[in-house]
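First comes the structure, then the notes that go with it.
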Number of protein chains: 2
Amino acid sequence: MSSYVEENYLKAIYKLTERNKDGAYTNDIAYELNVKPATVTESIKKLGEKGVIHYEKYKAVTLTEAGKLIAIKTIRKHRLWEVFLVEKLGFKWDEIHPMAEELEHINFEELTERLANFLGNPEFDPHGDPIPDKDGVFSNNKSVKLTSLALNTTVVMTGIENHTPSFLQHLDKLGLKLGVQVTLKEIVDFDKSVLVSVNGKKGFYLSHDIANNILCK
Amino acid sequence: MSSYVEENYLKAIYKLTERNKDGAYTNDIAYELNVKPATVTESIKKLGEKGVIHYEKYKAVTLTEAGKLIAIKTIRKHRLWEVFLVEKLGFKWDEIHPMAEELEHINFEELTERLANFLGNPEFDPHGDPIPDKDGVFSNNKSVKLTSLALNTTVVMTGIENHTPSFLQHLDKLGLKLGVQVTLKEIVDFDKSVLVSVNGKKGFYLSHDIANNILCK
DNA sequence: TATAATATTTAGGTTTGCCTAAATGTATTT
DNA sequence: AAATACATTTAGGCAAACCTAAATATTATA
């Protein structure tokens with residue numbers, strides 16, 4: 001199995017396992033990777049034989065330590081390239097994902113580490129997601145959802161939980177970028193939408209769906 | 001055919017056609033790409049159908065305009081990444097080829113052009129090879145071989161015609177890098193080796209083979 | 001020009017990563 | 001607990017990109 005394909009499977013399984021500790025299901029992996037479930041069955045069987053995942057027929061799969069490390073290293077590469085694309089090449093945060101999706105599969109450890117160094121060993125990518133170190137260790141940074149705050153709390157926006165271009169572009173329009181100060185002014189009982197004030201300016205309403213995808217600290 | 005494979009075939013054909021205007025031969029393409037001639041036959045048939053090369057049974061193949069453009073754009077990407085690896089990440093000129101060989105296949109025009117801009121739109125890569133512009137045009141820069149100079153000529157080293165790490169490392173050891181002043185002091189009749197002085201310092205001998213791979217202006 | 005040497009192509013195979021359709025297993029609901 | 005719904009796997013296929021061995025063209029040489 002090419003490292004390109006393998007890394008994508010492991011990344012998908014990693015992501016799904018974060019959401020559901022039992023492991024990743026065939027159908028969900030198929031959805032993540034835009035392939036059919038039958039293809040996934042075939043692939044995860046091979047990945048199991050290779051020792052990067054735990055595979056048992058009809059069970060959710062989980063990553064072995066080896067598999068987890070590959071997944072995390074792929075995430076590291078992805079996020080470092082995203083920093084490069086934004087900080088050095090001036091791309092916007094909603095434009096970079098497809099490019100990073102390719103660049104993450106360039107496997108030269110020396111390249112990755114020199115890139116990290118060139119970028120100042122960033123700890124977060126342009127979306128606020130943490131960048132694991134070269135041994136695969138994440139700094140534990142406990143952000144919470146904007147929807148979980150108590151009224152009249154002021155926090156700093158640190159991340160997001162949805163990376164679609166349309167969501168990112170909408171945040172731009174609202175002036176909601178990483179680092180801004182957000183104060184929760186009101187929680188509307190009817191639909192759980194929230195009134196927020198950004199950097200002390202006049203407030204505006206955010207739907208619960210939007211607020212729920214914003215992380216802060 | 002994946003763009004990865006296609007670009008490598010077109011690049012190989014481009015290179016071979018530079019050497020031999022008749023076109024590229026099956027065997028030579030196979031050697032360049034480390035595949036068997038039978039595989040090349042199969043592939044060039046497909047590339048012919050696709051319209052990127054002119055293919056006729058038993059004849060040397062040449063690039064169509066479309067194919068030539070793809071080849072040159074691949075070369076552009078390769079050389080821009082090489083500049084990045086040396087200028088920004090601090091790699092040495094003998095280390096970068098394998099990485100650039102992968103990075104060249106990342107196809108996002110906006111990425112390439114922003115990268116070029118970030119690097120200051122360089123005209124030459126770290127080996128002195130010209131970087132075509134985004135429309136595939138090379139600036140014509142007529143360097144000549146060190147072996148073609150008349151005695152006592154002083155020139156600037158501008159490029160090389162061999163990119164193997166061992167050759168590059170040897171040049172490093174001799175202090176022969178792009179931009180140095182080289183004076184041709186002697187041509188040994190016996191073996192055509194040459195005595196050169198670099199930046200006005202004490203001279204040393206270079207075999208004809210080495211001198212013949214050094215370009216200057 | 002016939003023969004030998006070399007280059008190219010054809011024929012038939014393999015592996016990888018995908019597919020559809022059918023079969024089978026697991027989970028949920030009545 | 002049986003029936004139904006849903007998830008997963010199996011079986012059989014396909015295209016891409018590689019391979020080896022054999023056949024056929026071309027080119028060079030005697």
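To the nearest angstrom, P of C:dG17 lies 13 Å from CD of A:Glu49. Atom CG of B:Asp28 is separated from atom P of C:dT6 by 15 Å (rounded to the nearest Å). B:Tyr31 has its OH atom 18 Å from the P atom of C:dT6, to the nearest Å. Whole-Å rounding puts the B:Lys36 NZ to C:dA7 C1' distance at 15 Å. The CG atom of B:Asp22 sits 15 Å away from the P atom of C:dA7 (whole-angstrom rounding). Between the OH atom of B:Tyr25 and the P atom of C:dT8 there is a distance of 8 Å, rounded to whole Å. Atoms CG (A:Leu33) and P (C:dC19) sit 10 Å apart, rounded to a whole Å. Atoms CG (B:Asn34) and C1' (D:dA17) sit 15 Å apart, rounded to a whole Å.
For A:Lys46, there are no side-chain hydrogen bond (donor to acceptor under 3.5 Å, both in side chains) partners, not counting sequence neighbours. The ring pair (Phe, Tyr, Trp, His ring centres under 6.0 Å) test applied to B:Tyr4 returns B:His105, not counting sequence neighbours. In terms of the ring pair (Phe, Tyr, Trp, His ring centres under 6.0 Å) criterion, residue partners of B:His163 (sequence neighbours excluded) are, by chain and number, B:His127. Under the rule for a ring pair (Phe, Tyr, Trp, His ring centres under 6.0 Å), A:Tyr205 has no partner lying at least two apart in sequence or in another chain. Applying the ring pair (Phe, Tyr, Trp, His ring centres under 6.0 Å) test to A:His97 and every residue at least two apart in sequence or in another chain returns A:His78.
For residues 120-129 of chain B, every residue pair satisfying the salt bridge (charged side-chain N to carboxylate O under 4.0 Å, His left out) rule, not counting sequence neighbours, is listed here: B:Arg79-B:Asp125. Applying the salt bridge (charged side-chain N to carboxylate O under 4.0 Å, His left out) test to residues at least two apart or on different chains, the pairs with a partner in residues 2-16 of chain A are A:Glu6-A:Lys50, A:Glu7-A:Lys77, A:Lys11-A:Glu101, A:Lys11-A:Glu104, A:Lys15-A:Glu32.
A salt bridge links A:Glu110 with A:Arg114: the closest approach of a Lys/Arg side-chain nitrogen to an acidic carboxylate oxygen falls below 4.0 angstrom.
Taking side-chain N and O atoms only, B:Asn27 has a distance below 4.0 Å to OP1 or OP2 of C:dT8.
Using a 30° and 60° split on the angle between ring planes, A:Phe138 and A:Tyr14 fall in the parallel class, below 30°.
Contacts of A:Tyr4 with the nucleic acid, taken as non-hydrogen atoms under 4.0 Å apart, are absent.
Comparing the helix axis at one end of the helix from C:dT1-D:dA30 to C:dT30-D:dA1 with that at the other, each defined from 5 consecutive pairs, gives an inter-axis angle of 10° (nearest 10°).
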In the 5'-to-3' direction, what one-character label does each nucleotide of nucleotides 9-16 of chain D receive under the scheme B = base within less than 4.0 Å of a protein heavy atom, S = sugar-phosphate only, - = no such atom? BB-----S

